[in-house]
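Written out below as structure tokens is the structure these notes cover.
Along the sequence shown, residues carry numbers from 1.
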Amino acid sequence: MGAYENVHERLKALGLYTIENTIDNYLSNAKDKSTMEILDHLLSEEVKSKRSREYEAKLRYSGFPFRKTIEEFDFTFQPSIDKSVINDLLTLRFVHEKENVVFLGPPGVGKTHLAIGIGMKAIENDIQVYFVSAIRLIENLKKAYNDRSFDYRIRTYSRFPLMIVDELGYLPLNKEESNLFFQFISSRYEKRSTIFTSNKSFSEWGEILGDEVMASAVLDRILHHCTVINIRGESYRLKERKKNMLASERIGEKK
Ligand code: ADP
Ligand code: MG
């Protein structure tokens with residue numbers, strides 16, 4: 001085999017598929033480039049595509065129900081949110097300091113969107129994130145407890161420097177469930193960061209968690225190092241629906 005075939009075979013053997021796919025074309029257009037410039041270009045393209053494959057894999061692994069960035073969030077629609085607080089969270093200092101974040105507010109105000117936006121930023125910065133709904137989390141903890149794999153499950157969650165626990169408070173927990181949830185919270189306390197979203201105010205957490213003593217034990221740990229963002233505003237979903245309704249009315253008028 002000649003050098004041409006050898007190069008292609010070796011690039012494939014090394015998994016350098018971006019170079020393998022582009023090298024012929026690039027070389028034929030790079031007559032005026034030095035060898036170093038050519039190598040630099042090909043290698044940097046390979047590194048870029050490797051990074052984006054890794055980013056994509058981490059995003060898929062994170063379990064986000066949808067992908068929305070902070071840039072896609074319209075802050076003018078939600079003036080109760082202090083943008084500087086969000087900007088501070090985007091520095092990810094809170095993850096390094098093992099602090100928590102709680103988004104509170106009625107449905108549709110963007111709690112999950114903001115949590116995912118911060119999560120995506122974390123992944124960009126090589127921080128592995130795991131998103132789970134509170135209902136799923138409790139189910140998984142219960143299942144693990146019944147299988148006697150609770151410690152293993154907790155250790156698995158502990159691998160994630162950042163978890164997002166979404167929609168706490170849609171279902172009230174029984175005594176066993178709130179106990180397992182408490183153990184989950186304790187396992188992350190001052191060790192790992194967690195973002196929570198909830199449509200219930202802290203005073204209502206007693207109802208979610210079955211009793212006041214359990215609620216205050218949980219809240220104590222979550223809130224000890226925590227940024228709380230209370231969103232008081234209109235549902236964005238409702239706004240969209242109203243806009244669509246107005247548009248269709250207008251179309252109706254024209255007829
Ligand atoms: P919540 O979790 O508070 O119920 P979501 O974050 O799921 O609300 O938001 C509902 C939908 O509206 C999502 O598609 C989200 O991207 C969008 N949304 C909410 N608030 C905004 C906003 N201020 N700017 C842009 N999109 C928004
Ligand atoms: Mg939500």
Side-chain angles (χ1 to χ4, degrees), residues 62-66 68 70 73 78 80-82 85-86 88-90 92-123 127-142 153-154 156-173 177-210 212 214-233:
S62 69
F64 293 151
F66 57 81
K68 291 247 175 114
I70 297 289
F73 194 83
Q78 221 54 267
S80 70
I81 301 172
D82 185 348
V85 175
I86 303 292
D88 183 55
L89 294 174
L90 290 173
L92 303 168
R93 184 185 52 81
F94 80 100
V95 179
H96 298 286
E97 311 263 318
K98 293 120 179 49
E99 297 180 357
N100 300 318
V101 179
V102 179
F103 287 103
L104 296 178
V109 293
K111 302 180 297 294
T112 304
H113 183 146
L114 290 169
I116 289 176
I118 294 166
M120 289 186 62
K121 180 61 103 191
I123 290 178
I127 295 168
Q128 188 63 60
V129 182
Y130 191 69
F131 180 106
V132 65
S133 73
I135 293 174
R136 249 312 255 304
L137 172 70
I138 300 295
E139 265 173 24
N140 291 344
L141 291 175
K142 264 203 309 203
R153 170 64 71 168
I154 289 287
T156 307
Y157 287 145
S158 298
R159 292 214 318 267
F160 297 96
L162 178 59
M163 276 185 74
I164 299 172
V165 178
D166 194 39
E167 296 193 341
L168 205 60
Y170 275 100
L171 271 187
L173 308 183
E177 291 163 341
S178 49
N179 189 349
L180 297 175
F181 182 64
F182 172 74
Q183 292 190 53
F184 168 76
I185 297 296
S186 298
S187 74
R188 299 184 72 77
Y189 175 61
E190 294 188 329
K191 292 199 190 73
R192 298 281 184 250
S193 292
T194 315
I195 301 177
F196 300 89
T197 79
S198 178
N199 63 342
K200 294 278 196 312
S201 66
F202 290 132
S203 60
E204 294 169 296
W205 282 37
E207 288 164 40
I208 309 170
L209 295 167
E212 293 298 330
M214 189 56 92
S216 68
V218 165
L219 277 175
D220 252 17
R221 281 162 185 75
I222 293 177
L223 296 178
H224 188 190
H225 314 283
C226 189
T227 303
V228 178
I229 294 153
N230 221 321
I231 310 177
R232 270 168 263 99

Given 3.5 Å as the limit, does a donor-acceptor pair link the side chain of S193 with the main chain of F94, or not?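 Between the backbone of F94 and the side chain of S193 there is a qualifying donor-acceptor contact (under 3.5 Å).
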
Would the distance check show the side chain of T197 and the main-chain N or O of T112 forming a donor-acceptor pair, the cut-off being under 3.5 Å?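 Pair absent, no side-chain N/O of T197 close to backbone of T112.
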
Which pairs, with at least one residue in residues 95-123 and sequence neighbours excluded, count as a salt bridge (Lys or Arg N to Asp or Glu O under 4.0 Å)?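 Those involving residues 95-123 are K121-E124.
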
Does anything in residues 183-196 pair up under salt bridge (Lys or Arg N to Asp or Glu O under 4.0 Å), and if so which pairs, sequence neighbours excluded?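 Every pair satisfying salt bridge (Lys or Arg N to Asp or Glu O under 4.0 Å) with a residue in residues 183-196: there are none.
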
If you round to the nearest 0.5 Å, how far is [atom2] of [Y] from [atom1] of [X]?
| X | Y | atom1 | atom2 | value |
| --- | --- | --- | --- | --- |
| L162 | T194 | CG | OG1 | 7.5 Å |
| L141 | F182 | CG | CZ | 13.5 Å |
| L137 | M163 | CG | CE | 5.5 Å |
| Q78 | R232 | CD | CZ | 10.5 Å |

Would you say the side chain of [Y] lies within less than 4.5 Å of the side chain of [X], judging by non-hydrogen atoms?
| X | Y | value |
| --- | --- | --- |
| I138 | L180 | no |
| V165 | I195 | no |
| F131 | V129 | no |
| S62 | I116 | no |
| P107 | Y170 | yes |
| K200 | L168 | no |
| L209 | L219 | no |
| E207 | P172 | no |

So which heavy atom on [X] is nearest to which on [Y], and how close?
| X | Y | result |
| --- | --- | --- |
| P106 | I231 | CD-O, 3.4 Å |
| A215 | G206 | CB-CA, 3.6 Å |
| L90 | I70 | CD2-CG1, 3.7 Å |
| K142 | E177 | NZ-OE2, 2.6 Å |

Could you give me the CA-CA distance, side-chain angles and deciding distance for L114 and V101, then say whether side chain to side chain contact (heavy atoms under 4.5 Å, CB included) is met? CA-CA 11 Å; L114 290 169; V101 179; over 6 Å; no

Using the test salt bridge (Lys or Arg N to Asp or Glu O under 4.0 Å), find all partners of E167 that sit at least two apart in sequence or belong to another chain.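 Expected list: none.
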
My understanding is that only residues two or more places apart in sequence, or in another chain, count here; which of them pass salt bridge (Lys or Arg N to Asp or Glu O under 4.0 Å) with D82?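 Salt bridge (Lys or Arg N to Asp or Glu O under 4.0 Å) list for D82, sorted by chain: empty.
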
F184: ring pair (Phe, Tyr, Trp, His ring centres under 6.0 Å) partners, not counting sequence neighbours: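 Once residues adjacent in sequence are excluded, the partners of F184 under the ring pair (Phe, Tyr, Trp, His ring centres under 6.0 Å) criterion are Y157.
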
Sequence neighbours excluded - ring-ring contact (aromatic ring centres under 6.0 Å, His included) pairs with any residue from residues 96-122: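 Matches after skipping sequence neighbours: F73-H113.
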
Given N230 and V102, is the side chain to side chain contact (heavy atoms under 4.5 Å, CB included) satisfied, shown in steps? CA-CA 8 Å; N230 221 321; V102 179; over 6 Å; no

Let me know which of I222, V228, L223, T227 forms a side-chain contact (heavy atoms from CB on, under 4.5 Å) with N100.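 Result: among I222, V228, L223, T227, I222 is the only option passing the side-chain contact (heavy atoms from CB on, under 4.5 Å) with N100.
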
Go through I185 and F196 one step at a time and tell me if the side chain to side chain contact (heavy atoms under 4.5 Å, CB included) criterion holds. CA-CA 11 Å; I185 297 296; F196 300 89; 3.6 Å; yes

Say whether Q183 and S186, considering side chains only, have a donor N or O and an acceptor N or O under 3.5 Å apart.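 Per modelled atom types, Q183 and S186 side chains form no pair under 3.5 Å.
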
Would I123 and F64 count as a side chain to side chain contact (heavy atoms under 4.5 Å, CB included) if you check the C-alpha gap in whole Å, the side-chain angles of each, and the deciding distance to 0.1 Å? CA-CA 12 Å; I123 290 178; F64 293 151; 3.9 Å; yes

